[in-house]
Amino acid sequence: MMDSDTLSADRKDSDDRGGQSQLVLDIRTKTRKPSMYKVLMMNDDYTPMEFVVHVLQHFFNLSNSQANAIMLNVHRRGIGVCGIYTYEVAEAKATKVMEYARQNEHPLQLQLEKE
């Protein structure tokens, strides 16, 4: 139940707006987690295994054993996941790796795949 002070305050607010009441909506923006993308490395017959391990360590911050495991997976299966990142990070890493491979005259290819 409203007391008389609250009631008069409500009337006063209503009167200040010309007798019209306003509806205030509480709009909350829902933030979504960004989509994640796999950086996939393709096997080729020309890029040396040592170069692939170096790239995985340098650009994807993997340990020697992690890099070797991914390199062997790429070699045996033809494709392997280097890491999973937001689109911007995945694209930047793939671009940098392929530029680095070209500078070193290797045909290494990477692709992105939405997770």
Side-chain angles (χ1 to χ4, degrees):
M1 178 157 197
M2 293 183 161
D3 62 342
S4 60
D5 291 335
T6 304
L7 189 58
S8 62
D10 288 344
R11 285 185 189 143
K12 183 175 187 256
D13 289 345
S14 175
D15 291 339
D16 290 345
R17 289 186 290 263
Q20 297 180 2
S21 62
Q22 293 181 334
L23 178 62
V24 177
L25 299 177
D26 183 16
I27 299 174
R28 295 177 189 203
T29 304
K30 289 186 180 181
T31 56
R32 292 184 300 158
K33 289 184 178 179
S35 297
M36 302 300 281
Y37 289 80
K38 296 177 192 174
V39 178
L40 303 173
M41 182 178 285
M42 309 299 141
N43 188 41
D44 64 67
D45 294 332
Y46 304 101
T47 305
M49 292 179 177
E50 296 79 16
F51 182 79
V52 171
V53 169
H54 168 73
V55 163
L56 291 167
Q57 290 178 309
H58 182 76
F59 291 95
F60 295 95
N61 300 316
L62 298 174
S63 68
N64 188 47
S65 60
Q66 291 171 317
N68 274 296
I70 292 172
M71 178 274 296
L72 288 173
N73 188 51
V74 171
H75 181 69
R76 291 180 182 142
R77 297 184 181 191
I79 192 169
V81 178
C82 301
I84 302 171
Y85 308 94
T86 60
Y87 180 78
E88 291 80 11
V89 173
E91 182 181 44
K93 286 185 178 285
T95 300
K96 286 179 183 177
V97 167
M98 288 195 295
E99 286 175 359
Y100 182 69
R102 298 304 161 272
Q103 290 169 359
N104 288 277
E105 300 179 358
H106 298 300
L108 189 62
Q109 290 291 310
L110 284 87
Q111 294 179 353
L112 305 184
E113 179 181 286
K114 191 171 185 179
E115 190 171 55

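Side-chain atoms are counted along with the backbone in the values below, which use heavy atoms only and exclude waters and symmetry mates.
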Nearest 0.5 Å please: distance from the NE2 atom of His54 over to the CE atom of Met71.
14.0 Å

With a distance cut-off below 6.0 Å to the six-membered ring centre and an angular limit of 45° from the axis, does Lys96 pair with Phe59 as a cation-pi contact?
no

From His75 atom NE2 to Asp45 atom CG, the distance as rounded to the nearest 0.5 Å:
9.0 Å

Tell me if a side-chain donor or acceptor on Gln66 pairs with a main-chain N or O of Ser63 at a distance below 3.5 Å.
yes

So Tyr37 and Glu115, do their side chains get closer than 4.5 Å, heavy atoms only?
no

Heavy-atom closest contact (Asn73 atom, Ile79 atom, distance)
ND2-O, 3.6 Å

On a heavy-atom basis, which atom in Tyr46 and which in Asp44 lie closest, and how many Å separate them?
N-OD1, 2.8 Å

If every non-hydrogen atom of Gln57 is compared with every non-hydrogen atom of Asn64, which pair is closest and at what distance?
NE2-CA, 3.1 Å

I'd like to know if Phe60 and Tyr87 are part of one continuous hydrophobic network [Ile/Leu/Val/Met/Phe/Trp/Tyr, side-chain heavy atoms within less than 4.5 Å].
yes

Given the rule that I, L, V, M, F, W and Y join up when any side-chain heavy atoms are under 4.5 Å apart, are Met36 and Val81 in one cluster?
yes

Could you tell me which non-hydrogen atom of Leu56 sits nearest to which non-hydrogen atom of Cys82, and how far apart they are?
CD2-SG, 3.6 Å

Any idea how Phe51 and Tyr100 line up, ring-wise: parallel (<30°), tilted (30 to 60°), or perpendicular (>60°)?
parallel

Going by distance alone, is a donor N or O of one side chain under 3.5 Å from an acceptor N or O of the other, for Ser65 and Asn68?
no

Same apolar cluster (I L V M F W Y, side chains within < 4.5 Å links), Val74/Met49
yes

Under a 3.5 Å distance rule, please check whether Arg102 uses its side chain to pair with a backbone N or O of Leu108 as donor and acceptor.
yes

Taking Asn104 for the side chain and His106 for the main chain, is one N or O donor matched with an acceptor at less than 3.5 Å?
no

Minimum side-chain heavy-atom gap Thr86-Ser35 below 4.5 Å:
no

Closest approach of Ala67 and Leu62, non-hydrogen atoms and distance?
N-CB, 4.2 Å

Closest non-hydrogen atom pair, Val39 against Ala90
CG2-CB, 3.7 Å

Look at the side-chain heavy atoms of Ile, Leu, Val, Met, Phe, Trp and Tyr, link any pair under 4.5 Å apart, and say whether Met41 and Leu72 land in one connected group.
yes

Same hydrophobic cluster for Val52 and Leu40, using side-chain heavy-atom links shorter than 4.5 Å among ILVMFWY?
no

